[in-house]
Amino acid sequence: MKPAYKDASLPIEDRVNDLMSRMTVEEKIGQMNQLPVFMNLHKAVKEQCLGSILCGVDEDVSAYMREAVEETRLGIPLLVGIDAIHGHSMEYNATMFPTQLAMSCSWDEALCEQVAHATAVEMSGTGCSWTFSPVFCMARDLRWGRVNETFGEDPLLIGKLGAAMIRGYQGTSLSDIDSVAATAKHFAGYGETMGGREAAESEYSRRKLEDLFLPPFQEAVKAGAASFMTAYQAIDGVPCTTSHWLLTEVLRDRWHSDAMVVTDWSNIRHLVTEHHTAATAAEGVAPAIKAGNDMSMTDHTFFEDAIEAHRRGDLTEAEIDLHVRRILTLKFKLGLFENPRYPDKAIREKTVGCKAHHELALEAARRSAVLLKNDNVLPLRMDVIRNIAVIGTNADDDLQQLGDWSLGAGQSQGVMNRNSRHCTKTVLDGILAEFGKEAVVTYARGAGISEPHPERIARAVRLAEKADVAIVVLSDNLRCTGEGRSVATLELQGDQIEMVEAVAATGTPIVGIFMASKPLVLTKILPKMDALLCVFNPGMEGGTGIADILRGRVNPQGRLSVSFPVHVGQQPSYYNQVPGAHHSQYPDLPGKGFFGLFPFGFGLSYTTCKYFEATLEKSELKLGEMVRVTVPVRNTGDYDTVETVQVYFRDVVASCTLPEKRLIGFRKVPLKSGELREVVFEFPTEAFSFVNTDLQRVTEPGEFELMVGKSSADITSKLRFTYTD
């Protein structure tokens with residue numbers, strides 16, 4: 001008779017129960033183990049009942065999946081996980097979308113969902129069923145190396161965009177071939193560490209965690225995230241890997257999540273090598289599992305260590321069963337017992353890097369670009385421009401344009417290919433295609449990023465002298481961004497500042513393209529530029545999207561999801577800080593204030609929008625009633641646009657200190673030239689809540705202020721209302 005666990009007509013719970021009743025303790029522990037593709041996986045699958053493979057695609061995993069699993073006693077399929085971060089990152093010539101930071105500047109949930117779904121589709125034929133994305137960390141210190149992986153600095157925006165990506169990855173059913181399991185990471189508080197250093201300790205109070213860092217992850221639970229990943233760092237002396245409060249009391253008991261929890265890379269071993277809270281990896285296994293981790297990522301002795309912990313009595317079989325049940329449940333939900341998702345060449349050739357996905361990548365690049373400055377230079381007037389100088393080392397560097405988590409950037413565990421050059425449209429490619437028939441387009445690499453290159457600057461100056469406009473690309477470098485690459489300064493690297501100053505001295509108008517992994521200090525060069533467009537890492541179609549904006553075919557609509565600092569010494573410089581300083585600016589940065597050069601929510605366009613006075617339906621409400629506000633907005637310019645209307649709030653007097661403003665809602669509003677629309681927002685009582693000193697989330701009766709505007713710093717209406725019991 002066919003075993004019950006192989007009967008697809010039975011409920012998943014029954015199938016899990018049947019399979020677990022047949023498994024030995026060793027086989028159960030094997031399911032809790034994930035190893036990278038470069039290890040001897042055939043042996044691990046056959047002898048240890050390995051549960052998961054990391055970073056394997058195509059032929060890297062097909063042999064293991066087909067042969068080794070079929071030779072095991074129970075034939076439990078492998079769960080193949082990979083970091084598909086902004087596209088199917090480790091797959092050759094897969095569509096690479098803008099990075100998560102760039103995408104966040106779109107403030108567009110639907111777009112994020114579409115990009116995630118396209119990524120899942122491209123994964124469907126490569127043997128992968130699980131992505132370690134999206135990132136729900138908050139970018140609170142820009143020195144941190146992984147800012148590019150975040151959705152910025154605001155918990156509301158992070159939660160909404162992250163939840164949208166989860167819906168895109170997972171679709172309506174995980175068993176669909178074009179759905180993959182999503183991972184909410186890194187749980188939790190990873191983005192604001194001591195000195196901005198990667199994986200250094202985070203010194204948060206429990207209240208700060210509850211109030212700011214956990215709410216985005218709760219949105220991940222509501223969106224049905226199939227898995228969570230524990231963070232590297234410790235919080236107030238407790239590594240997240242062994243935080244029972246975080247992984248069990250919050251995630252399981254309070255939020256009732258059934259998501260599978262996986263450690264980050266070698267987290268259990270880090271208890272020995274970095275946190276020094278365990279003398280050996282074997283001593284770290286039991287605390288990590290008891291805290292709530294279901295699967296260990298890449299701890300190569302985990303299998304033996306967990307078996308030894310069980311033999312010593314540190315881990316009971318019942319405790320092991322709790323975690324194995326979640327792993328097997330996910331495998332059944334993915335339909336892996338019926339379709340192990342072996343690599344399929346026909347599906348891969350049809351989906352990976354397909355035309356439709358490149359068109360989506362182009363749309364994402366267009367919507368994510370943020371216009372930071374424009375002194376009537378953009379869009380370019382091709383009736384008077386006959387010569388364009390394109391300047392910048394990364395103006396024609398496909399790898400640097402794609403940024404971190406792309407083939408060649410360093411994370412691939414398999415073949416270290418770079419994507420084919422023709423797949424990516426660089427800034428130079430885009431400008432040549434768009435303007436090359438109407439104007440002479442010349443190119444100079446200009447400044448060095450890794451090291452100064454004065455002779456290259458001299459060539460750039462010669463081209464700029466002959467040009468009607470200089471398109472200057474300002475960038476960072478992969479050596480100073482990403483995991484393990486936090487920085488001490490936020491200055492433009494190499495001699496890029498000298499390059500801008502030299503080009504500006506020619507008198508030729510400068511259009512800056514800021515293409516980097518995070519906000520950097522642009523204070524010295526901003527006055528030298530006539531326009532500045534921020535694209536962060538805009539993906540494979542970034543060059544075309546940039547050219548569309550320069551031409552005026554596309555009206556920029558992006559808004560910053562993270563603040564630009566005036567100086568690195570301002571860190572942290574996020575907008576939603578708690579008031580209380582005796583002065584409003586640094587005396588050594590006169591007139592610059594505390595909160596940066598370009599604020600959260602900021603972005604210009606080629607048109608102007610007038611905000612009329614917002615109105616409240618009621619100014620006195622009882623707790624439990626909805627707050628309803630109407631915002632009239634008119635497009636008063638000549639271009640159609642999409643305006644991002646933003647609403648912030650503050651609790652005027654509260655029982656503990658709170659930020660001066662918090663984003664409470666936003667709406668992307670299409671407006672034709674001259675069109676007037678009334679934008680209506682409704683907010684429930686809970687939207688005005690905070691975590692008090694008793695660690696309870698409450699909305700206190702009293703007076704509140706709503707602030708409506710174009711950014712966190714450009715407020716057009718302030719409205720007050722009161723809540724009573």
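These figures come from a predicted structure and were not determined experimentally.
- Residue pairs meeting the side-chain hydrogen bond (donor to acceptor under 3.5 Å, both in side chains) criterion with at least one member in residues 681-696, sequence neighbours excluded: Arg628-Glu682, Thr685-Tyr723, Ser689-Arg697.
- By the side-chain hydrogen bond (donor to acceptor under 3.5 Å, both in side chains) test, Glu198 is found to be paired with Trp144, Tyr190, residues two or more places apart in sequence or in another chain being considered.
- Sorted by first and then second residue, the pairs that involve residues 154-169 and meet salt bridge (Lys or Arg N to Asp or Glu O under 4.0 Å), not counting sequence neighbours, are Glu113-Arg167.
- Partners of Arg254 by salt bridge (Lys or Arg N to Asp or Glu O under 4.0 Å), not counting sequence neighbours, listed by chain and number: Glu210.
- A search for salt bridge (Lys or Arg N to Asp or Glu O under 4.0 Å) contacts involving Lys618 returns Glu625, not counting sequence neighbours.
- Judged as a side-chain hydrogen bond (donor to acceptor under 3.5 Å, both in side chains), the pairs with a partner in residues 599-608 (not counting sequence neighbours) are, in order, Thr607-Asn635, Thr608-Thr636.
- Taking Lys222 as the reference, Glu219 meet the side-chain hydrogen bond (donor to acceptor under 3.5 Å, both in side chains) condition, with sequence neighbours excluded.
- For Thr316, the side-chain hydrogen bond (donor to acceptor under 3.5 Å, both in side chains) partners at least two apart in sequence or on another chain are Glu319.
- Residues satisfying the salt bridge (Lys or Arg N to Asp or Glu O under 4.0 Å) test with Lys668, not counting sequence neighbours, are none.
- A search for side-chain hydrogen bond (donor to acceptor under 3.5 Å, both in side chains) contacts involving Ser655 returns Glu700, not counting sequence neighbours.
- Every residue meeting the salt bridge (Lys or Arg N to Asp or Glu O under 4.0 Å) condition with Arg559, not counting sequence neighbours, appears here in chain and number order: Glu643.
- Looking at residues two or more places apart in sequence or on another chain, you find no ring-ring contact (aromatic ring centres under 6.0 Å, His included) involving Phe151.
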